[in-house]
Novice: 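Please read through the structure below; I'll follow up with questions.
In this text the structure is predicted, and so the values were computed from the model without any measurement.
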Amino acid sequence: MMNNITEQDKHFLKMAIDLAVENIKSGGGPFGAVIVKNNEVVATGVNNVTTNNDPTAHAEISAIRNACEKLQDYQLEGCSIYSSCEPCPMCLGAIYWARPKKLVFAASKDDAASVGFDDSFIYNEIPKAIHERKLDTYQALQKEAYAPFEIWKNMEQKTEY
């Protein structure tokens, strides 16, 4: 992959890193994210997992929520996401669902793991069959579970995504 990092990218990435540093001083986690569209900051986010008692309050998730609210859209078309660290599996999934044009991050997942933020167990669990995972996981009521999909499939007016 070609490295198409611009000076503008570096500027916004530095902003994400600075947010992470400031967030630590406020009692939050060492992660920050910035979402940009047309070279303007749309939204930011920081890690507030422990301060909000919310395991989903990662910087990228918070930034995506803030950006979507501001843009009044569930997708971040034409946006770039700058993160102080390589996104975890949850955040990466959310980023893909939000459909920005670009993701740029600073620290790697290995850098994060070296200071106690190790997501490798999740990456290792994802490809396993359900019965092989460490989390007891079961599937039930498959027939009944199809009812919402049937209704959705037959709806004439719906927002596809």
Side-chain angles (χ1 to χ4, degrees), residues 1-130 132-139 159 161:
M1 177 196 280
M2 240 167 91
N3 189 350
N4 294 323
I5 304 299
T6 66
E7 289 304 312
Q8 194 98 14
D9 289 331
K10 291 177 186 177
H11 168 76
F12 292 121
L13 192 54
K14 177 75 168 80
M15 191 180 294
I17 294 167
D18 290 344
L19 280 170
V21 169
E22 287 303 312
N23 195 51
I24 295 167
K25 295 175 184 176
S26 302
F31 303 97
V34 176
I35 298 180
V36 174
K37 186 171 187 172
N38 299 324
N39 293 321
E40 290 189 27
V41 174
V42 174
T44 64
V46 293
N47 181 291
N48 284 313
V49 169
T50 58
T51 53
N52 292 358
N53 294 316
D54 179 356
T56 69
H58 288 204
E60 298 90 342
I61 299 290
S62 297
I64 289 169
R65 288 176 179 157
N66 294 337
C68 288
E69 184 177 341
K70 184 172 182 180
L71 296 172
Q72 292 295 291
D73 199 344
Y74 61 92
Q75 293 184 342
L76 299 176
E77 190 174 318
C79 293
S80 297
I81 298 180
Y82 300 90
S83 181
S84 63
C85 187
E86 185 174 358
C88 75
M90 175 184 69
C91 292
L92 188 58
I95 290 166
Y96 271 97
W97 280 117
R99 295 180 177 98
K101 68 178 181 179
K102 179 167 57 174
L103 166 66
V104 181
F105 63 86
S108 72
K109 62 184 176 185
D110 296 327
D111 296 330
S114 74
V115 295
F117 295 93
D118 190 357
D119 297 325
S120 62
F121 73 98
I122 298 172
Y123 284 104
N124 293 334
E125 286 286 293
I126 290 171
K128 291 180 181 178
I130 289 172
E132 294 174 352
R133 294 180 182 163
K134 287 182 175 70
L135 175 65
D136 289 342
T137 305
Y138 309 95
Q139 184 176 17
T159 303
Y161 61 99

Novice: Quick one: closest heavy-atom pair of T137 and I130, and the distance?
Specialist: O-CG2, 3.3 Å
Novice: Which residue pairs pass the side-chain hydrogen bond (donor to acceptor under 3.5 Å, both in side chains) test when at least one of the two sits in residues 55-71, sequence neighbours left out?
Specialist: D54-T56, E60-S83
Novice: Mind jotting down which residue pairs meet the salt bridge (charged side-chain N to carboxylate O under 4.0 Å, His left out) criterion with at least one end in residues 113-126? Sequence neighbours excluded, please.
Specialist: E125-K128, E125-K134
Novice: Suppose we screen for ring-ring contact (aromatic ring centres under 6.0 Å, His included). Which residues come up paired with F12, at least two apart in sequence or across chains?
Specialist: Y82
Novice: Which pair of non-hydrogen atoms, one from P55 and one from M90, has the smallest distance, and what is that distance?
Specialist: O-CE, 3.8 Å
Novice: Could you list all the side-chain hydrogen bond (donor to acceptor under 3.5 Å, both in side chains) pairs where at least one residue sits in residues 95-105, not counting sequence neighbours?
Specialist: D9-K102
Novice: List the residues meeting side-chain contact (heavy atoms from CB on, under 4.5 Å) with Q139, not counting sequence neighbours, and say none if there are none.
Specialist: Q142
Novice: The criterion is ring-ring contact (aromatic ring centres under 6.0 Å, His included); which residues satisfy it with F117, sequence neighbours excluded?
Specialist: F31
Novice: In chain order, what residues pass the salt bridge (Lys or Arg N to Asp or Glu O under 4.0 Å) check against E40, with sequence neighbours excluded?
Specialist: none
Novice: With D73, which residues qualify under salt bridge (Lys or Arg N to Asp or Glu O under 4.0 Å), at least two apart?
Specialist: none
Novice: Given side chains that start at C-beta, do those of I122 and C88 come closer than 4.5 Å, heavy atoms only?
Specialist: no
Novice: Checking V46 now: which residues fulfil side-chain contact (heavy atoms from CB on, under 4.5 Å) with it, not counting sequence neighbours?
Specialist: L19, N23, N48
Novice: My understanding is that only residues two or more places apart in sequence, or in another chain, count here; which of them pass side-chain contact (heavy atoms from CB on, under 4.5 Å) with A20?
Specialist: S84
Novice: Mind checking whether P30 and N47 have side chains closer than 4.5 Å, heavy atoms only?
Specialist: no
Novice: Would you please name every residue forming a side-chain contact (heavy atoms from CB on, under 4.5 Å) with S114, sequence neighbours left out?
Specialist: none
Novice: Shortest non-hydrogen contact from C79 to P100?
Specialist: O-CB, 3.4 Å
Novice: Taking salt bridge (Lys or Arg N to Asp or Glu O under 4.0 Å) as the definition, give me every residue that meets it alongside K14, ordered by chain and number, with sequence neighbours left out.
Specialist: D18
Novice: Does any N or O in the side chain of K37 come within less than 3.5 Å of the main-chain N or O of L76, such that one atom is a donor and the other an acceptor?
Specialist: no
Novice: Does S26 reach the main-chain N or O of G28 with its side chain, forming a donor-acceptor pair under 3.5 Å?
Specialist: no
